[in-house]
Amino acid sequence: VQPFGQDGAIISASRDKTAQLWIPHDDNTYSLKKTFKGHPKYVSCISSLDPSEEYPSGLILTGCQDGLIRGFLPDVEEPLFVMEGHTENVSSIFASKFGTVISGSWDKTAKVWFKRECKMTLKGHELAVWCVSIIPGIGLMITGSADKTIRLWKAGKCEQILTGHTDAVRGIAILNQDSFLSCANDATVRRWNITGECTGTYYGPENYIYSIALLPNGVDWATSGEDRSVRVWGDNEVKQ
């Protein structure tokens with residue numbers, strides 16, 4: 001699930017082979033606006049590009065178990081285009097505000113895309129790449145993998161390999177230009193700076209943590225996990 005646009009809309013991906021766009025109402029409920037089709041297998045991840053001259057209404061990107069990334073206009077249910085390159089499930093997509101897209105896959109690679117074309121393939125992880133992100137402004141790309149490591153990349157070159165997690169790294173959340181958070185199947189959240197130093201390890205859940213996202217204050221965060229819970233963190237500990 002990801003936010004879409006500035007009006008509180010949400011986009012979601014599902015194992016039912018679809019993605020969906022949901023719009024909010026004044027009573028805090030949501031209704032389904034559009035279902036995006038054309039995927040032959042599970043839709044594993046979803047992201048979006050902000051409105052631009054090329055896509056005035058924005059663009060929705062889906063990653064599928066068939067190894068393809070599909071681009072959708074918000075009001076059209078069939079894909080506008082397909083991006084080919086990965087050979088296995090596309091497990092994560094991150095779209096930057098400048099139009100650069102990075103994707104991670106079970107084929108052990110991440111790919112960097114611009115205007116539908118693959119510009120770089122980031123190779124080095126020994127197992128599936130579960131999560132990807134970009135720190136805006138400095139061009140630093142981050143990948144997390146089932147090989148338990150996080151890699152920092154610049155201009156297609158791996159600059160650092162961060163170790164500390166003891167199981168698959170599943171999610172990344174950017175705090176600022178100097179630091180970010182990661183979560184993993186080892187049931188921890190870790191704070192890192194871009195020099196590669198782990199500056200904090202935080203405990204709460206007793207099982208796999210699958211995803212992490214910043215709260216609107218840009219400091220605290222929420223996680224979801226194997227125990228079917230969403231946990232809200234404040235001051236580096238679980239509050240709810």
Subject >> H86: which of V129, D107, T121 passes side-chain contact (heavy atoms from CB on, under 4.5 Å) >> reply: D107

Original post:
Looking at the rings of F72 and H39, which for Trp means the six-membered one, are their centres under 6.0 Å apart?
Top reply: yes

Subject >> Student check: side-chain heavy atoms of P51 and P56 closer than 4.5 Å >> reply: no

Subject >> Straight-line distance of N89 CG to C64 SG, nearest 0.5 Å >> reply: 7.5 Å

Original post:
More than 12 non-hydrogen atoms from neighbouring residues, nucleotides or ligands closer than 6.0 Å to NZ on K119, yes or no?
Top reply: yes

Subject >> Ionic contact status for K157 with E159, cut-off 4.0 Å >> reply: no

Original post:
Does any N or O in the side chain of K154 come within less than 3.5 Å of the main-chain N or O of I138, such that one atom is a donor and the other an acceptor?
Top reply: yes

Original post:
Of the non-hydrogen atoms in V112 and M141, which two are nearest, and what is the gap between them?
Top reply: CG2-SD, 3.4 Å

**OP:** Evaluate whether atom OH of Y210 has more than 12 neighbouring non-hydrogen atoms of other residues, nucleotides or ligands under 6.0 angstrom away.
**Re:** yes

Original post:
How close do G171 and I212 get, heavy atom to heavy atom, and via which atoms?
Top reply: C-CG2, 3.8 Å

Original post:
Looking just at side-chain N and O atoms, do T109 and H125 make a donor-acceptor pair shorter than 3.5 Å?
Top reply: no

**OP:** Search all heavy atoms of V132 against all heavy atoms of S92 and return the closest pair with its distance.
**Re:** CG2-OG, 3.5 Å

Original post:
Does atom CG of D26 have more than 12 heavy-atom neighbours from other groups under 6.0 Å away?
Top reply: no

Subject >> CG-CZ distance between L59 and F4, expressed to the nearest 0.5 angstrom >> reply: 8.0 Å

**OP:** Please check if L68 and I93 belong to a single hydrophobic cluster, counting links between Ile, Leu, Val, Met, Phe, Trp and Tyr side chain heavy atoms closer than 4.5 Å.
**Re:** no

Original post:
Of the non-hydrogen atoms in I194 and S179, which two are nearest, and what is the gap between them?
Top reply: CG2-N, 4.3 Å

Original post:
Has N28 got more than 12 heavy atoms of other residues, nucleotides or ligands less than 6.0 Å from its CG?
Top reply: no

Subject >> Any donor-acceptor pair under 3.5 Å from S52 side chain to Y55 backbone >> reply: yes

**OP:** Using distance alone, with no hydrogens and no angle criterion, decide if S182 and W192 have a side-chain donor and acceptor under 3.5 Å apart.
**Re:** yes

Subject >> R231 CZ to E237 CD distance, which is reported to the nearest 0.5 Å >> reply: 13.0 Å

**OP:** Please indicate whether D75 has more than 12 foreign heavy atoms, meaning atoms of other residues, nucleotides or ligands, lying under 6.0 Å from its CG.
**Re:** yes

Original post:
For atom NZ of K97, is the number of surrounding heavy atoms from other residues, nucleotides or ligands below 6.0 Å larger than 12?
Top reply: no

Subject >> S105 side chain to E88 backbone, donor-acceptor under 3.5 Å >> reply: yes

Subject >> D147 side chain vs E126 backbone, donor-acceptor pair below 3.5 Å >> reply: yes

Original post:
So how far is it from F98 CZ to D50 CG, rounded to the nearest 0.5 Å?
Top reply: 10.5 Å

Original post:
Which atom pair, heavy atoms only, marks the closest approach of G38 to P79?
Top reply: CA-CD, 4.5 Å

Original post:
How far apart are the C-alpha atoms of S31 and W22, what are their side-chain angles, what is the distance that settles it, and do they pass the side chain to side chain donor-acceptor pair (under 3.5 Å) test?
Top reply: CA-CA 5 Å; S31 62; W22 304 82; over 6 Å; no

Subject >> Same apolar cluster: V232 and L214, side chain cutoff 4.5 Å >> reply: no

**OP:** Measure the CG-CH2 distance between L181 and W233 for me, rounded to the nearest 0.5 Å.
**Re:** 10.0 Å

**OP:** Write down the atom of Q65, the atom of S44, and the distance for their closest heavy-atom approach.
**Re:** N-OG, 4.0 Å

Subject >> Evaluation steps, side chain to side chain contact (heavy atoms under 4.5 Å, CB included), between S91 and W106 >> reply: CA-CA 7 Å; S91 50; W106 287 5; 3.8 Å; yes

**OP:** Step by step, work out the side chain to side chain contact (heavy atoms under 4.5 Å, CB included) result for S96 and V101.
**Re:** CA-CA 6 Å; S96 79; V101 174; over 6 Å; no

Original post:
When you look at NZ of K239, are more than 12 heavy atoms from neighbouring residues, nucleotides or ligands closer to it than 6.0 Å?
Top reply: yes

Original post:
Taking atom OG1 of T195 and atom CG of D178, what is their separation to the nearest 0.5 Å?
Top reply: 9.0 Å

Subject >> Between S103 and W113, a side-chain donor and acceptor under 3.5 Å >> reply: yes

Original post:
Is it true that the side chains of W153 and T143 contain a donor and an acceptor less than 3.5 Å apart?
Top reply: yes

Original post:
With hydrophobic residues grouped by side-chain heavy-atom distances under 4.5 Å, do Y208 and V169 end up in a single group?
Top reply: no

**OP:** State plainly whether one hydrophobic cluster holds both L49 and M83, where clusters connect Ile, Leu, Val, Met, Phe, Trp and Tyr through side-chain heavy atoms under 4.5 angstrom apart.
**Re:** yes

Original post:
NZ of K108: more than 12 outside heavy atoms within 6.0 angstrom?
Top reply: no

Original post:
Between R151 (side chain) and L162 (backbone), is there a donor-acceptor pair under 3.5 Å?
Top reply: no

**OP:** Check step by step if side chain to side chain contact (heavy atoms under 4.5 Å, CB included) holds for R190 and H165.
**Re:** CA-CA 8 Å; R190 286 178 177 259; H165 282 297; 3.6 Å; yes

**OP:** Apply the test side chain to side chain contact (heavy atoms under 4.5 Å, CB included) to residues I209 and T188: give CA-CA distance (whole Å), side-chain angles for both, the deciding distance (0.1 Å), then the verdict.
**Re:** CA-CA 7 Å; I209 303 177; T188 69; 5.7 Å; no

Subject >> Q20 and T35 side chains, donor-acceptor separation under 3.5 Å >> reply: yes

Original post:
Would you call the rings of W221 and Y202 parallel, tilted or perpendicular if under 30° counts as parallel and over 60° as perpendicular?
Top reply: tilted

**OP:** Flag yes if I172 and L152 sit in one hydrophobic cluster, no otherwise; membership is Ile, Leu, Val, Met, Phe, Trp, Tyr, and two members link when side-chain heavy atoms are under 4.5 Å apart.
**Re:** yes

